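These notes concern the structure reproduced below.
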Amino acid sequence: RTGSGRAGAMKRDAALEAGGIIGNDAAYAMGMAVCQEIAAGVPEGTTVVSIYTNTGNDITAEHAQVLYDAAAAYLCGE
């Protein structure tokens, strides 16, 4: 994990926004779901595909990967 607390949240939101995703409650909730998938041992590719095929709001494969990467780096384990 790269950051914790407020600094970690700021880095997470910056990582999301750099990838075209607004760091809001919905993104946080999806990030927490990603963390559950990681903890369960679900392969990264499976989780990324699931995000963009089962989520509305024009989430692309690239957005799904950004969300996965930001969750793994800044959210999981908090």
Side-chain angles (χ1 to χ4, degrees):
R1 197 172 70 178
T2 304
S4 62
R6 184 160 171 74
M10 290 173 62
K11 288 179 182 177
R12 179 193 67 231
D13 289 348
L16 288 172
E17 290 170 11
I21 299 172
I22 297 170
N24 59 19
D25 290 343
Y28 179 80
M30 281 195 284
M32 291 304 296
V34 166
C35 292
Q36 291 175 345
E37 297 279 296
I38 291 170
V42 176
E44 178 177 340
T46 301
T47 300
V48 170
V49 168
S50 179
I51 292 168
Y52 76 83
T53 59
N54 296 312
T55 306
N57 302 327
D58 299 320
I59 297 293
T60 66
E62 292 79 14
H63 289 140
Q65 187 66 56
V66 167
L67 180 66
Y68 184 97
D69 292 344
Y74 301 111
L75 188 60
C76 301
E78 284 190 353

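If you're wondering where the values come from, they're calculated on a predicted model, not measured in any experiment.
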Would you list the atom pairs, donor with acceptor, under 3.5 Å between side chains in residues 45-53 and any protein atom, with sequence neighbours excluded?
from	atom 1	to	atom 2	distance (Å)
Thr47	OG1	Pro43	O	3.4
Ser50	OG	Asn54	ND2	3.2
Thr53	OG1	Val49	O	2.8

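A search for side-chain hydrogen bond (donor to acceptor under 3.5 Å, both in side chains) contacts involving Gln36 returns nothing, not counting sequence neighbours.
For the residue pair Ala71 and Cys35, the shortest heavy atom distance occurs at O-SG, 4.1 Å. Closest approach of Asp69 to Glu44, counting heavy atoms only: OD1-OE2, 3.9 Å. Between Cys76 and Ile38, the shortest heavy-atom distance links the atoms SG-CD1, 3.9 Å.
Here the CE atom belonging to Met30 is positioned 10.0 Å from the NE2 atom belonging to His63, to the nearest 0.5 angstrom.
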